[in-house]
Amino acid sequence: MSELIRVAFLGIAGVLLAMQFRGEKPEYATYIGLAVSIILFWFCLRQVENVAAQFARIKGYLEGTEGYLSILFKVIGITYICEFSSDICRDAGYQAVAGQIEILGKLTVMFAGLPILFAVIEQIRSFM
């Protein structure tokens, strides 16, 4: 909980600092926002280690489904990376680039999930 409070204060302080530069030196505001975002993303990655440990526990309970859990983990990673990078682009004023990153992320998630769709189709076909 204390780490969450520190991260929140870091984010607020970074935004306030960037706002000071927004009027006169907008490029500095973008750099500050990018630096704070990278630091916050690093804190998020530390939490991913905890999630990975929980996935390992789940994998122990579900024998033979390791592939599905790895796909789920990849999809989560893809969505976080795409959201992070598109938000930075949007903050810098490049909405079109942010939109393209989001589209690429959606397509990548769709392709990453296709093995699960095929497995479901095979299950359905086995009942017929």
- Where is the tightest heavy-atom contact between Gly113 and Ile71, given as atom of each residue plus distance? CA-CG2, 4.3 Å

- Message: Any heavy-atom pair between the side chains of Phe21 and Thr30 that's under 4.5 Å?
- Response: no

- Query: Is the closest side-chain heavy-atom distance between Val36 and Val15 below 4.5 Å?
  - Reply: no

- Item | Atom pair CD1 (Ile116) and CG (Leu72), whose distance is rounded to the nearest 0.5 Å | 7.0 Å

- Could you walk me through whether Tyr80 and Cys44 pass the side chain to side chain contact (heavy atoms under 4.5 Å, CB included) test, one step at a time? CA-CA 10 Å; Tyr80 278 123; Cys44 291; over 6 Å; no

- Trp42 CH2 to Gln47 CD distance, which is reported to the nearest 0.5 Å: 10.5 Å

- Correct closest heavy-atom pair for Ala29 and Ala18 would be CB-O, 3.3 Å

- What distance do Leu114 atom CG and Ile121 atom CD1 have between them, rounded to the nearest 0.5 Å? 9.0 Å

- Item | Candidate list Ile101, Ile103, Leu104, test side-chain contact (heavy atoms from CB on, under 4.5 Å), partner Ser86, passing option | Ile101

- Message: If you apply the rule side chain to side chain contact (heavy atoms under 4.5 Å, CB included), what do you find for Val7 with Leu40, and how did you get there?
- Response: CA-CA 7 Å; Val7 168; Leu40 294 176; 3.2 Å; yes

- Query: Going from OG on Ser85 to CD on Glu102, what distance comes out if it is rounded to the nearest 0.5 angstrom?
  - Reply: 8.5 Å

- Query: Are Ile38 and Ile32 connected in a single hydrophobic cluster, I mean Ile/Leu/Val/Met/Phe/Trp/Tyr linked by side-chain heavy atoms less than 4.5 Å apart?
  - Reply: no

- Message: To the closest 0.5 Å, what do you measure between CD (Gln20) and NZ (Lys25)?
- Response: 15.0 Å

- Interatomic distance, NZ@Lys74 vs CD1@Ile76, rounded to 0.5 Å, equals 13.0 Å

- Would you indicate whether Glu27, at its atom CD, is surrounded by more than 12 heavy atoms from other residues, nucleotides or ligands within a distance under 6.0 Å? yes

- Could you go through the side chain to side chain contact (heavy atoms under 4.5 Å, CB included) check for Ile81 and Phe41 one step at a time? CA-CA 9 Å; Ile81 290 169; Phe41 192 69; 4.2 Å; yes

- Query: Can you check whether Asp87 reaches Ser37 side chain to side chain, under 4.5 Å on heavy atoms?
  - Reply: no

- Query: Is it true that atom CE of Met110 has more than 12 heavy atoms of other residues, nucleotides or ligands lying nearer than 6.0 Å?
  - Reply: yes

- Query: Quick one: do Glu83 and Arg90 make a salt bridge, cutoff under 4.0 Å?
  - Reply: no

- Message: Counting only heavy atoms from other residues, nucleotides and ligands, does the tally under 6.0 Å from CZ of Phe43 exceed 12?
- Response: yes

- Query: Are there more than 12 heavy atoms of other residues, nucleotides or ligands under 6.0 Å from atom CZ of Phe73?
  - Reply: yes

